[in-house]
Amino acid sequence: MSDRPDGARSIDEILASARGRIDRLAPDQAFAEFCAGATIIDIRPAAQRAEAGEVPGSVVIERNHLEWRLDPASDARLPWADGYDLRPIVICNEGYTSSLAAAALQDLGLLRATDVIGGYQAWRAAGLPTARPEARTAVLAPGAGPAYVVIESGREVSRCAS
């Protein structure tokens, strides 16, 4: 490995910095706040949600759209993201990417943004509510891919276009 440029930080340093400024929640704490009106923001890609399931009532905003959908000053924001007093609780698969995402939301001025320690895996292990994506219990924000496939009966699909 070559010498690091001045100012470069490792991902471990970046993660520690992000976590140092957010008040992270255990899954049961996140669930209690969710039941009291906070919003669970699921940033996992469709493939992870398809495999493991979703949090009923969560809002799915894939990571590459997150800041645009929740920034109150953005033309691409969700209609309900119209102020800085939101309480977004970000959840990813294991609680790493969600920490970085919550810190990015705080950079936008959403100072109450946080994440779930251990992510969806810890949520599920704690026995908190989950659902299969086919149940469509999560809300898909614009740009978020569904984690299920609608199969049209009787239709043949070629694996290769000719």
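For the single chain, residues carry numbers from 1 onward in sequence order.
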Single-linkage hydrophobic cluster, 4.5 Å side-chain cutoff, I89 and L110 together: no
Gap separating the CD1 atom of I91 from the CG atom of L25, nearest 0.5 angstrom: 10.5 Å
Here the pair of heavy atoms bringing G83 nearest to P72 is O-CG, 3.3 Å
F34 CZ to D28 CG distance, which is reported to the nearest 0.5 Å: 14.5 Å
Nearest atoms (heavy-atom pairs only) where P27 meets A126: CB-CB, 4.3 Å
Got a second to check how far I14's CD1 is from R9's CZ, nearest 0.5 Å? 4.5 Å
ILVMFWY network linking I22 to I11, side-chain heavy atoms under 4.5 angstrom: no
So OH of Y120 and OG of S98: to nearest 0.5 Å the spacing works out to 14.5 Å
N/O donor-acceptor pair under 3.5 Å between S74 side chain and W68 backbone: yes
Quick one: closest heavy-atom pair of D85 and R112, and the distance? O-NH1, 2.5 Å
Testing the basics here: between A103 and A18, what is the closest heavy-atom pair and its distance to 0.1 Å? CB-CB, 3.6 Å
Please, which pairs that meet salt bridge (charged side-chain N to carboxylate O under 4.0 Å, His left out) have at least one residue in residues 64-84, sequence neighbours excluded? R63-E67
Measure the CG-CD1 distance between D42 and I61 for me, rounded to the nearest 0.5 Å. 9.5 Å
Would you say L66 and L78 are hydrophobically clustered, going by side-chain heavy atoms of ILVMFWY under 4.5 Å? yes
Going by the rule salt bridge (Lys or Arg N to Asp or Glu O under 4.0 Å), which residues pair with R24 if we only count those two or more places apart in sequence or in a different chain? D115
Under 4.5 Å between any side-chain heavy atoms of L15 and L100, yes or no? yes
Answer with yes or no whether the hydrophobic clustering places L140 together with W80; edges join I, L, V, M, F, W, Y residues whose side-chain heavy atoms lie under 4.5 Å apart. no
Under 3.5 Å, is there a donor-acceptor pair between the side chain of T114 and the main chain of D23? yes
Donor-acceptor pair, side chain of E13 and main chain of S10, under 3.5 angstrom: yes
Of all heavy-atom pairs linking Q121 and A52, the shortest is NE2-CB, 4.2 Å
Taking it one step at a time, do R124 and E54 satisfy salt bridge (charged side-chain N to carboxylate O under 4.0 Å, His left out)? CA-CA 9 Å; R124 187 170 63 180; E54 297 176 332; over 6 Å; no
The reported gap from CG in L86 to CG in L111 (rounded to nearest 0.5 angstrom) is 11.0 Å
I'd like to know whether E134 forms a salt bridge (charged side-chain N to carboxylate O under 4.0 Å, His left out) with R49, so could you lay out the CA-CA distance, the side-chain angles of the two residues, the decisive distance to 0.1 Å, and finally the verdict. CA-CA 10 Å; E134 298 83 7; R49 291 182 284 111; over 6 Å; no
Do you know the tightest heavy-atom contact between A135 and A131? CB-CB, 4.5 Å
Strictly distance-based, threshold 3.5 Å: is any side-chain N or O of E51 a donor or acceptor partner for the main-chain N or O of Q48? no
Side chain of R136, backbone of P146: donor and acceptor closer than 3.5 Å? no
Identify whether F31 and I41 are in the same connected component of the hydrophobic contact network (ILVMFWY, side-chain heavy atoms under 4.5 Å). no
Just by distance, do the side chain of W123 and the backbone of P129 share a donor-acceptor pair under 3.5 Å? yes
Quick one: are L70 and L105 in side-chain contact, heavy atoms under 4.5 Å? yes
Taking the side chain from E62 and the backbone from I43, do they hold a donor-acceptor pair closer than 3.5 Å? no
